[in-house]
Structure formats: structure tokens, C-alpha cells
Amino acid sequence: MGFLDIRNVTKSYGQLEVLHRVDISVEEGEFLVLVGPSGCGKSTLLGMIAGLEGISSGEIAIRDRVVNGVHPSKRNIAMVFQSYALYPNMTVGQNITFGLEMHGVPKAERDKALAEVAKLLQIDHLIDRKPGQLSGGQRQRVAMGRALVRDPDVFLFDEPLSNLDAKLRVDMRTEIKKLHAKLKRTIVYVTHDQIEAMTLSTRIAVMNKGYIQQLGTPKEIYDSPANVFVATFMGSPAMNVVPARIVVREDRPYAEVVLGDGAKSLLAFSQPGLASYDGHDILLGIRPEAITDPEGADRKSQNIVSLKNRVIVTEPAGSDTFVTMSLGGKDVIARMRADVDIAGGDDFEFAVNMEKAVAFDPKTEERIRP
Amino acid sequence: MSAVSQDTAVRTGRVTRIFIYLVLLLFALFYLLPLYVMGINSLKPLPEITGGNMMALPKTWTLDAWRSAWSTAQIGVSPTGLKPYFLNSILMVVPAVAISTIVGALNGYVLTKWRFRGDTIVFGLMLFSCFIPFQIVLIPMALVLGKLGLAGSVPGLVLVHVVYGIGFTTLYYRNYYATFPTELVKAAQIDGAGFFQIFWRILLPVSGPITVVSVIWQFTNIWNDFLFGVSFGGTSQPMTAALNNLVQSSTGVKEYNVHFAGAIIAALPTLLVYVVAGRYFVRGLMAGSVKG
Ligand SMILES: Nc1ncnc2c1ncn2[C@@H]1O[C@H](COP(=O)(O)OP(=O)(O)OP(=O)(O)O)[C@@H](O)[C@H]1O
Ligand SMILES: [Mg+2]
């Protein structure tokens with residue numbers, strides 16, 4: 001039994017079910033990120049944990065106490081909203097201590113808690129300002145201060161960084177990570193930014209259309225996606241997913257792919273079990289960084305396959321150069337060293353790290369796990 | 001939008017500007033003329049008005065007409081002046097404005113932040129009440145007041161105006177609170193604030209501008225109302241009804257100077273509300289726009 005248990009929870013608005021049988025158990029101190037495209041039900045799930053949304057079926061338990069029907073203020077949770085939701089008429093200090101005041105904490109204790117939190121978040125000098133007189137980053141800190149001061153069992157974050165500009169977002173991301181490392185509190189964090197999900201979480205729940213697509217550590221999600229949706233949603237640029245066919249030569253499975261000029265090439269799989277799918281059409285998934293030039297190939301990999309193909313276009317992006325080619329009739333992006341020497345139109349010898357390749361069923365789009 | 005208006009502001013030449021100001025000035029004079037006439041004539045002795053020029057300044061300045069209008073003029077059958085009726089109006093307008101504004105604010109709060117099944121229908125019906133003409137409700141209202149034992153009393157008038165005003169005040173507050181972020185209410189709920197605490201501590205402090213609008217609207221409407229006043233006022237008639245009695249009295253000479261003074265006294269409170277609250281109104285709007 002976990003610290004926060006979401007058991008078979010569904011949510012319906014009238015006839016419309018927007019969340020289907022969600023089952024997640026979160027351990028104490030975990031940083032769970034709910035990630036998925038807009039409208040997939042992340043905020044709804046978070047709202048149900050908070051008690052702001054009713055639970056249509058199933059149950060949610062915090063510290064083994066079922067909280068269905070318990071008022072938000074009695075669940076011992078704190079929430080940071082996307083818009084920060086700071087009370088505009090109150091000062092920063094009043095904003096942070098409002099929850100304590102409502103819970104009947106005496107003034108002296110409130111002031112002490114405020115001082116601690118303000119110091120932790122380095123907003124001591126802003127205590128007497130109104131939210132309207134703060135920058136976006138400062139408001140963000142105040143919103144976090146309001147959550148921290150309550151010392152709750154579970155922190156809930158709903159896209160807390162999405163209103164910040166790119167640079168500040170990266171800074172605050174690091175700061176949240178540090179805060180979690182320091183305080184070791186249980187956090188459920190909603191975002192639609194897969195980089196945020198990867199960098200912050202101890203576990204990720206990838207959601208789509210009201211379903212949990214996959215629940216796992218960032219590494220599991222990235223290296224071993226459960227289906228095409230997870231594979232393409234996580235990672236930037238997205239994983240290349242191209243039509244291919246499994247052929248078996250001397251008991252070894254290969255992916256047969258069509259090159260840019262219509263010729264066919266064989267890429268040896270690392271999973272021998274795929275041999276039982278001889279002749280099956282599949283979707284072959286290869287991450288951009290698994291396709292390189294021969295010198296840039298991963299030295300630890302046991303299965304680098306070379307592939308001659310026509311380069312369509314190259315895009316130098318500073319730290320990397322993205323090279324586009326055609327496989328199976330689709331554009332495939334390779335991520336190479338910045339100073340790699342190729343240009344569009346070249347015939348080039350690509351090195352494909354097939355250890356990292358995955359196969360999906362083209363109909364169900366589920367991973368084929370032999 | 002702003003780019004366009006800036007453009008025109010730059011391009012407007014001197015001649016056009018002078019022309020605009022002249023036109024505005026003309027309109028201002030036109031609107032001020034009646035007030036001027038009332039003002040100066042209320043300060044003249046009667047013979048100066050009947051025998052002279054309405055536009056001329058008084059030869060002898062006197063406050064007699066004002067004194068008479070306030071405390072001795074014949075209203076109906078008794079020579080009480082407007083004073084008791086003025087008090088009636090105050091006793092009516094203050095609670096009526098306060099109650100209708102508070103109820104409107106609560107309605108707006110519930111209709112936007114505590115949505116319930118059928119809330120749009122409720123709001124629709126309340127909106128509908130804004131379009132019901134006074135005349136239609138006179139007889140049913142008289143019946144209800146009679147049943148409640150409030151006929152011909154100040155509390156009766158308060159009730160009538162509250163009922164009539166709630167539609168408008170609800171509309172104002174609902175539209176204002178609709179733009180107020182619901183996340184704030186959710187945050188306050190998590191913080192442990194209850195229904196009235198959220199209203200009192202979170203919403204009301206930022207409701208200044210709309211409260212001023214609501215108060216100005218309700219005050220002017222209720223103060224200036226004549227129909228409900230004469231219909232339901234009974235022995236506690238408001239200012240408007242008394243002023244009518246004063247001016248329309250068929251006995252004796254027409255004391256125009258007293259009439260003018262009475263009319264100004266009747267208009268003063270609304271003027272005062274505009275002057276005092278109008279400033280806050282603008283200030284509230286400015287605060288919002290600067291914060292962005
Ligand atoms: N009150 C409601 N009535 C009906 N459907 C709703 C209601 N609230 C949300 N939904 C639907 O539930 C689904 C999930 O909404 P939710 O707000 O949880 O999405 P989200 O994953 O947080 O998206 P975003 O990233 O855009 O915030 C959406 O399809 C939405 O249309
Ligand atoms: Mg959301």
C-alpha cells in the first residue's frame with residue numbers, strides 16, 4: 001500500500017467518461033509527474049486528489065485514509081496552480097499564511113512559519129508587497145511558499161511553470177528539483193512538457209485521452225515505451241516510427257526497411273525473440289540519437305548496424321546537427337555531432353544502434369515484447 | 001484599437017481641436033443652463049421672478065426660498081416643508097441600496113463560483129426582472145404589501161425597491177465575478193476558507209468598482225423613483241412625491257423660487273453620490289488598467 005493510492009478511479013461528466021480506471025500507487029517521497037497532451041485529463045485527476053473534483057467511481061487514499069468526500073482543506077494537501085492563484089488584495093505574507101489562519105494557527109506560529117518559508121524560497125524582502133507588484137518568477141515562489149508553509153502530506157502542482165518564459169522555466173525547474181531533493185516530500189506534478197517530466201520525476205505517468213498509457217521511471221518510459229503514443233510523445237525530436245517487416249535469416253530477426261531510393265536494407269534486431277514474428281509487418285521505432293555517423297556511434301553498444309542512405313537535408317542546431325533521411329517512406333531524423341561533415345544530397349553511411357530499436361504492432365500500436 | 005486612437009490624437013490639428021472643444025463647451029452650457037436658472041431663481045424673492053427676467057442675476061440675494069422649501073412650505077395639507085419627506089427618502093434609500101447591493105453581490109458570487117444545476121435559468125429569470133415595467137407590478141405588489149402589513153410604510157418601500165433592484169445588482173456582480181479567476185476560489189477552499197470567508201476575504205476586497213456602479217445605479221433609481229413612492233408611500237411619502245405636491249399645489253400663488261429650491265434639494269443627494277463615488281469609480285478602473 002502506497003502513501004497516496006489512486007484505486008480504479010474514473011471521472012465522468014454526465015454520460016461522458018473523461019478518465020478511465022486510473023490505478024496509481026505513489027510511495028512516500030516520490031515525485032510523480034502526470035504528462036500528456038492537452039485535454040487528456042491531467043488536471044481532472046489532480047483536482048480529484050485535491051478534492052476539488054468529485055470522484056465518479058473508485059477511491060483515493062492518502063496515508064491509508066480514504067479521502068473520497070473529504071473536504072479539500074481536510075486532506076492535508078497543498079496545491080500550486082498554473083495561474084498561481086495568489087489573492088490579489090493580500091500581501092505576500094498574508095497570502096502565504098492565509099491557510100494557516102483559516103486552520104486556526106495562532107499568529108506567533110504563523111509568523112514563524114512564514115519567516116522560515118520566506119527564507120527557504122528567498123522571498124524575505126517581498127513579504128509586504130502585493131502580488132500585482134511581483135514578477136512572474138516571484139509570484140511562482142510565493143505560490144510555492146503558500147504550499148510549503150502548510151507542511152502537507154502531498155504537494156500537487158498543476159503546470160506551475162507554464163506561464164514563465166523559457167529561461168526562467170529552466171531555472172525554476174532546477175529549483176523545484178533541488179527543493180524536492182532537500183525536503184523529500186511526496187509530489188504529484190502535472191505538465192504537458194515532456195522535458196519537465198523527464199528531468200523532475202522519479203516516476204512518470206503518461207496519459208492520453210483519459211487513459212494511463214504507461215507508468216514507469218523516466219528511463220523505462222524513454223527506453224522502453226509501451227506503445228507508439230508514449231514513444232513519440234516523450235523525447236524531442238520524437239522517436240522515428242517507420243513501417244518495416246520482420247524477416248528471419250539464420251534464426252536471427254531483421255527489420256527490412258525501404259531506403260530513400262526504393263532499395264531494401266536489413267537491420268539486425270537485438271531481441272532474438274522477434275524471430276517468431278517472421279514475415280510480420282511492424283512499426284520500427286528508433287530514437288534520433290540512435291542514428292549517428294560511424295564515429296559518433298555508441299561504443300558500448302553490441303549492435304551497431306551500418307546503413308547507406310541518401311541525406312535529404314541537414315539542420316545544424318548548435319550542439320547537434322539533425323540529419324533527415326527517408327526510411328520506409330517516412331522522414332527519419334538522426335541526431336549527430338555538431339561538426340559532422342555531411343550535406344543534403346550526399347550518400348552517407350549511417351550507424352544505427354539497433355540495441356535501442358523497438359518494434360510496435362501496426363494495428364494496435366502496442367509494443368511487441370517477445 | 002489603441003494604435004488607431006493614438007494616430008488620430010497625433011494627427012488632429014489645432015483647428016479641429018478648437019472646434020471639438022467649442023462643441024463640447026456648447027453642450028456643457030446647454031446642460032448647465034437649467035441648473036443655472038434654478039440656482040439663481042431660488043435665490044431671488046418671488047416678485048423679482050414674476051416681474052422680471054428669468055435669466056438675470058438676483059438684485060437682492062436671499063435664502064428665504066430655501067428655508068421655506070425645507071421647513072415651512074405647504075405640502076399637501078400641512079405646512080411642513082420638504083424636511084420630513086427628505087428623511088423618509090433617506091430612511092428608504094439607505095437600506096434599500098445596501099440590501100439590494102449585498103444580495104446582488106451574494107447572488108453573483110453563487111452564480112459564478114458555486115454553480116448548481118439550473119443556475120443559468122435562475123440567472124435568466126433574474127435578468128428578465130430587469131425588463132418588467134414598473135406599472136405591471138403595481139397591483140400585485142400592492143396586494144403583497146397589504147398581506148405583509150407593510151402597505152404605506154417606509155419598510156414597504158424598501159422591500160419594493162430591493163425586489164426591483166436585485167435583478168440589476170445580480171447582473172452587475174455576476175458579470176464582474178465571472179471574470180474573477182475560479183482558481184482563486186479553489187485555492188481558498190484548499191486553504192480552508194468557507195463559503196462566507198471566501199466571499200468576505202477574497203472576492204469582496206476586489207469588488208470596489210462594481211460596488212460603486214451598483215450603488216450609484218440603485219441610489220439614483222430609488223431616490224428618483226416617483227411611481228412606487230406615490231403608490232406605496234402612504235403616509236411616509238418620499239421626497240419625489242412631496243416635491244410634486246409642492247409644485248403642483250393649486251392653492252395660492254405659485255412660489256417659483258420655493259419650487260426651484262425644493263427641486264435642487266431633491267436632486268442634491270444624487271449629485272453628491274456622483275461626486276463622491278464617481279471619483280472612486282474612476283480610481284478603481286485606473287487601478288485595474290495599470291496592474292494589467
Ligand atoms: N466541467 C466539465 N464538463 C465536461 N467535460 C469536462 C469538464 N471539465 C473538463 N472536461 C473534459 O475533461 C477532459 C480533461 O480535462 P482536463 O482539464 O483534465 O485536461 P488537461 O489534461 O488538464 O489539459 P490541459 O493540458 O489543457 O490543462 C477534457 O477533454 C475536458 O474537455
Ligand atoms: Mg490542465
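In what follows, chains carry the letters A, B, and so on, assigned in the order in which the sequence lines appear, proteins first and then strands, with residues in each chain numbered from 1. Just so you know, these numbers use all the heavy atoms, side chains as well, and skip hydrogens, waters and symmetry mates.
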Over all heavy atoms of both residues, which pair between A:Ser73 and B:Gly192 is shortest? Give the atoms and the distance, please. CB-CA, 3.3 Å
Output the distance between atom OG1 (A:Thr97) and atom CG (B:Asp191), rounded to the nearest 0.5 Å. 9.5 Å
Rounded to the nearest 0.5 Å, what separates atom NZ in A:Lys74 from atom CD1 in B:Ile190? 13.5 Å
Looking only at atom types and distance, does a side-chain atom of A:Tyr87 sit under 3.5 Å from a main-chain N or O of B:Ala188, one as donor and one as acceptor? yes
Under 3.5 Å, is there a donor-acceptor pair between the side chain of B:Glu183 and the main chain of A:Phe81? no
Need one label for [X]: side chain, backbone, both or neither, based on atoms under 4.5 Å from any heavy atom in chain B.
| X | result |
| --- | --- |
| A:Arg75 | neither |
| A:Glu101 | side chain |
| A:Leu86 | backbone |

Pairing residues for A:Glu53 by the salt bridge (Lys or Arg N to Asp or Glu O under 4.0 Å) criterion, not counting sequence neighbours: A:Lys11
Is any side-chain heavy atom of B:Arg201 less than 4.5 Å from a side-chain heavy atom of A:Asn89? no
Using heavy-atom distances under 4.5 Å, tell me whether B:Gln189 contacts chain A through its side chain, its backbone, both, or neither. both
Is the number of heavy atoms from other residues, nucleotides or ligands within 6.0 Å of CH2 (B:Trp114) greater than 12? yes
Can you establish whether the number of heavy atoms outside B:Phe195 located under 6.0 Å from its atom CZ is more than 12? yes
